[in-house]
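One structure below.
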Amino acid sequence: MTTVETAVGQAKTMVLNMGPQHPSTHGVLRILLELDGETVVKAVPDCGYLHTGIEKSCEDKTYSQAITLTDRMDYLNPLGNNLVYCMAVEKLLDLEVPKRAQYIRVMMVELQRISSHLVWLGTHAIDLGAMSVFLYCFREREEILKIFEMFAGQRMMTSYIRIGGVALQPPAGWRQAIDRFLKYMPSRVDEYETLLTENRIWMGRTKNIGYISAEDAIALSMTGPTIRAAGVAYDNRKLFPYSSYEEFEFDVPTRTDSDCFGRYMIRVAEMRESLKIVRQAMGKITDDGAIKSEAPGIVPPAREKMKTEMEALIYHFKIFTEGFSPPAGEAFVTVESPRGELGCFIASDGSPKPLRVHFRSPSFINLQALPKLVEGQLISDVIACIGTIDIVLGEVDR
Amino acid sequence: LTENSNQNANVVGGRLSSVEHLRAWDKNAVAEVVEYRGETTIVVPPELLRATAARCRDDASMQFNLLTAATCLDRHPYEPRFEVVYQLVCISRREKLRLKVRLSGKEPVIDSLVPVWPGANWLEREIFDLFGIHFNEHPDLRRIVLPDDWEGYPLRRDYPVEGYRDIPVMPLGFVKTSI
């Protein structure tokens, strides 16, 4: 007997094209979903809509010119990108950075981590229908951007971390500004949690959604909050400390539930840990001291020196015309970005321009696991899963 | 001691280093060892890459369970032109290792590491897309960041940074010929 169900034939699945302009893909990501009713049978991500050839452009720039390009990869973590690139170049040059500059770097990168997690939390909540969290998160993020503006003169594309140190001395009044932020921020994080953590709709949309086991996560090269929610305490700040992180006391939050809810809890906990690190870094940063290493020919001389010393002027001219040439060799440096392990591989052939610059971008590699997370789930869970991987398309495509 | 010195966790206290473990397993697997700025690079013959990588992951004394990055660099015009680089991490022992394979520019083909680490899938697709290196037995080898109909491999050194599409075509009458 013919029914409506049999009349449509044997074609049980349909293909739905999600993106590249879907608002919940946080950029331009296209995902082809094969659906059986509302269940995802197969998901195939298609990226590259934001490919700008940053790695190729780096090959045609001197080492210091390429810093501004790194800001534009992961636009929610420009300071972290600066840091990993500068550390890779410093490793090639075997250049030591003054302690004070290292602490300033740590403080800035941790503020950046909070601001990145705030954007993540706000947009992820808005994707799942909680509008108000977005407004609160962006309110606090604005305060962090104001701090960045104080330090670097720029809100987002700061290029504040430079080869050999940081660009500028901390501005007048920086302690008060960060102190004020540190005073109210812990209670604001509690505020977000009151809105979401025990919210029944939030739990329903995130608990037991997008599960991945620790073995699969490692096999798929996942890093960052996604792997820590699976119970693997993999954090570069602890495992391979850089920039004096070994002197700071903080915990690496891990969970075992490994679903969207667990990843949310990890990021909230990480915001609290970052606040602790910023507080400690403030205590370690002295009022005066060097912010750049003494390396003529690599680090630009101070303005005052250039007006009195001829050598300083010559070095300044040489740095900005022909650049400097690290010895031939390769270096691979990793840092912990808000999204996971951010790596930079630089190969030098002894010329003033790099032979190859490669960025190991956590968004790109974590995105690879998306099909594993969503297959077998409902179509509305795809949005929750993309959200908790926390991708930035600028970094996925580079 | 530089800022990076803690990243060089290759210090071995009273036990064999990973290089020696690999040598003991197959003396041909280690063609060359490069130590630079505290990082260890093992150059592996192309035909032994997959076996060596699997050994690095499965050997109880090495346990490099995380393939964190893979990339390629082009030494054009020198031969062998391409160097494919794999960055491995052993999470439990806090150790890093780099495997490197040298490939000639004529026919750059290498075994895929997807059977060893499924995460190599997109990493190798990216190398294929930007360098034109083929990976044997890769399940889904197609371009990933560039459009499917893109011509050339942009990260090769003989591919110009600018002006690839805009070379003005000289009218035939102006072309100087020797005939």
Side-chain angles (χ1 to χ4, degrees), chain A residues 44 46-51 53 55-57 59-60 87-88 90-92 94-97 102 105 215-216 218-223 227 232-234 236 239-246 329-334 341 343 345 347 349 355-356 358-360 364-365 367-369 372 396-398, chain B residues 1-9 34 36-39 41 57 65-75 78 83 85 87 89-96 98 100 116-123 125-127 129-130 140 143-148 150 154-157 159-162:
Chain A
V44 182
D46 179 19
C47 51
Y49 291 88
L50 220 57
H51 181 60
E55 289 174 5
K56 183 75 177 173
S57 305
E59 290 175 11
D60 200 38
M87 273 172 52
E90 285 154 11
K91 193 171 195 178
L92 275 179
D94 210 6
L95 185 68
E96 195 188 349
V97 177
Q102 295 188 21
R105 285 175 169 190
E215 292 74 39
D216 285 345
I218 293 174
L220 284 166
S221 306
M222 288 180 103
T223 46
I227 200 171
V232 184
Y234 184 68
N236 274 280
L239 255 62
F240 306 103
Y242 52 91
S243 207
S244 297
Y245 263 110
E246 67 274 13
E330 291 156 17
F332 181 64
V333 172
T334 52
E341 178 172 283
F345 173 80
D349 56 354
L355 177 73
R356 169 92 171 107
H358 172 72
F359 289 99
R360 185 258 187 234
F364 175 72
I365 294 168
L367 181 61
Q368 183 173 208
K372 192 99 194 162
V396 171
D397 298 339
R398 282 157 289 143
Chain B
L1 276 155
T2 68
E3 191 181 6
N4 288 311
S5 56
N6 281 309
Q7 296 227 329
N8 310 328
V34 185
Y36 189 70
R37 301 278 189 250
E39 296 177 2
T41 308
R57 190 196 60 181
N65 46 358
L66 180 72
L67 170 71
T68 179
T71 188
C72 180
L73 58 104
D74 182 3
R75 295 209 181 264
Y78 302 105
E83 291 180 356
V85 176
Q87 313 278 359
V89 177
C90 168
I91 298 176
S92 52
R93 283 188 299 106
R94 305 183 177 197
E95 192 173 322
K96 292 184 178 184
R98 185 185 303 146
K100 185 188 262 187
V116 187
W117 286 284
N121 190 328
W122 280 27
L123 300 170
R125 273 179 70 187
E126 194 189 6
I127 297 172
D129 190 359
L130 301 170
D140 186 23
R143 288 194 182 265
I144 187 160
V145 291
L146 295 175
D148 289 334
W150 191 268
L155 274 177
R156 290 189 175 186
R157 295 291 284 186
Y159 191 103
V161 178
E162 288 174 16

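Just so we're on the same page: letters track the sequence lines, and every chain starts at 1.
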Worksheet item: Does any heavy atom of chain A fall under 4.5 Å from the side chain of B:R143, the backbone, both, or neither of them?
Response: neither
Fill in: Largest heavy-atom contact set with chain A, pairs under 4.5 Å, which of B:C72, B:A120, B:P147
B:C72
Fill in: Atom pair CD (B:Q87) and OG1 (A:T334), whose distance is rounded to the nearest 0.5 Å
9.0 Å
Discussion item. Taking side chain as everything from C-beta outward and backbone as N, CA, C, O, which of these in B:P154 sits under 4.5 Å from a heavy atom of chain A? Side chain, backbone, both or neither.
Written reply: backbone
Fill in: Contact summary for B:W122 and A:C47, nearest pair of heavy atoms
CZ3-SG, 4.2 Å
Practice prompt. Might you point out which heavy atoms bring B:Y159 and A:K56 nearest each other, and give the distance in Å?
Written response: O-NZ, 2.7 Å
Worksheet entry | Sidechain-backbone polar pair: B:E39 side chain, A:F332 backbone, donor-acceptor under 3.5 Å | yes
Item to complete: Name the region of B:V89, side chain, backbone, both or neither, that has any atom closer than 4.5 Å to a heavy atom of chain A.
Response: side chain
Worksheet item: Of the backbone (N, CA, C, O) and the side chain (C-beta and beyond), which part of A:A347 lies under 4.5 Å from a heavy atom of chain B, both, or neither?
Response: side chain
Item to complete: Select one option (side chain, backbone, both, neither) describing which atoms of A:Y245 are under 4.5 Å from chain B's heavy atoms.
Response: neither
Practice prompt. Under the salt bridge (Lys or Arg N to Asp or Glu O under 4.0 Å) rule, what do A:R356 and B:D74 come out as? Steps first, then yes or no, please.
Written response: CA-CA 8 Å; A:R356 169 92 171 107; B:D74 182 3; over 6 Å; no
Worksheet item: What residue in B:T41, B:D129, B:L73, B:L130 has the most heavy-atom pairs under 4.5 Å with chain A?
Response: B:L73
Worksheet item: To the nearest 0.5 Å, what is the distance between CD1 (B:I144) and CG (A:D397)?
Response: 9.0 Å
Fill in: Nearest atoms (heavy-atom pairs only) where A:R360 meets B:A69
CG-CB, 3.4 Å
Worksheet item: Which atoms of A:I365 come close to chain B, meaning under 4.5 Å heavy atom to heavy atom: side chain ones, backbone ones, both, or neither?
Response: side chain
Discussion item. Quick check on B:R156 against chain A: is it the side chain, the backbone, both or neither that has a heavy atom closer than 4.5 Å?
Written reply: backbone
Worksheet item: Under a 4.5 Å heavy-atom cutoff, which of B:N65, B:V34, B:L123, B:V116 has the most pairs with chain A?
Response: B:N65
Worksheet item: Are side-chain heavy atoms of A:E55 and B:T71 found at a separation under 4.5 Å?
Response: no
Discussion item. Which heavy atom of B:L66 sits nearest to which heavy atom of A:T223, and what is that distance?
Written reply: CD2-CG2, 4.4 Å
Fill in: Qualifying residues under side chain to side chain donor-acceptor pair (under 3.5 Å), relative to B:D140, sequence neighbours excluded
B:R142
Discussion item. As an exercise, state the distance from CZ of B:R37 to CG of A:L92, rounded to the nearest 0.5 Å.
Written reply: 7.0 Å
Practice prompt. Heavy atoms only: give me the nearest B:R157-A:L355 pair and the separation to one decimal.
Written response: NH1-O, 3.0 Å
Worksheet item: Side chain, backbone, both or neither: which part of B:L146 has a non-hydrogen atom closer than 4.5 Å to chain A?
Response: side chain
Worksheet item: Taking C-beta and beyond as the side chain, do B:L155 and A:E59 meet within less than 4.5 Å on heavy atoms?
Response: yes
Worksheet item: Below 4.5 Å, heavy atoms only, C-beta onward: do B:E126 and A:R398 meet side chain to side chain?
Response: yes
Item to complete: Please flag which part of A:L367 lies under 4.5 Å from any non-hydrogen atom of chain B: side chain, backbone, both or neither.
Response: both
Discussion item. As an exercise, state the distance from CD of A:Q368 to CG of B:N121, rounded to the nearest 0.5 Å.
Written reply: 5.5 Å
Worksheet entry | Proximal component of B:V85, with respect to chain A [non-hydrogen, under 4.5 Å] | side chain
Item to complete: Look up atom CG in A:L239 and atom CD in B:E95, then write down how far apart they are to the nearest 0.5 Å.
Response: 12.0 Å
Fill in: Approximate separation, where rounding is to 0.5 Å, of A:Y234 OH and B:T68 OG1
5.0 Å
Discussion item. For B:E83, give me all partners under side chain to side chain donor-acceptor pair (under 3.5 Å), at least two apart in sequence or on another chain.
Written reply: B:R75, B:K100, B:R102
Worksheet item: Considering all heavy atoms of both residues, which atom of B:G119 and which atom of A:S221 are nearest to each other, and what is their separation?
Response: CA-OG, 4.0 Å
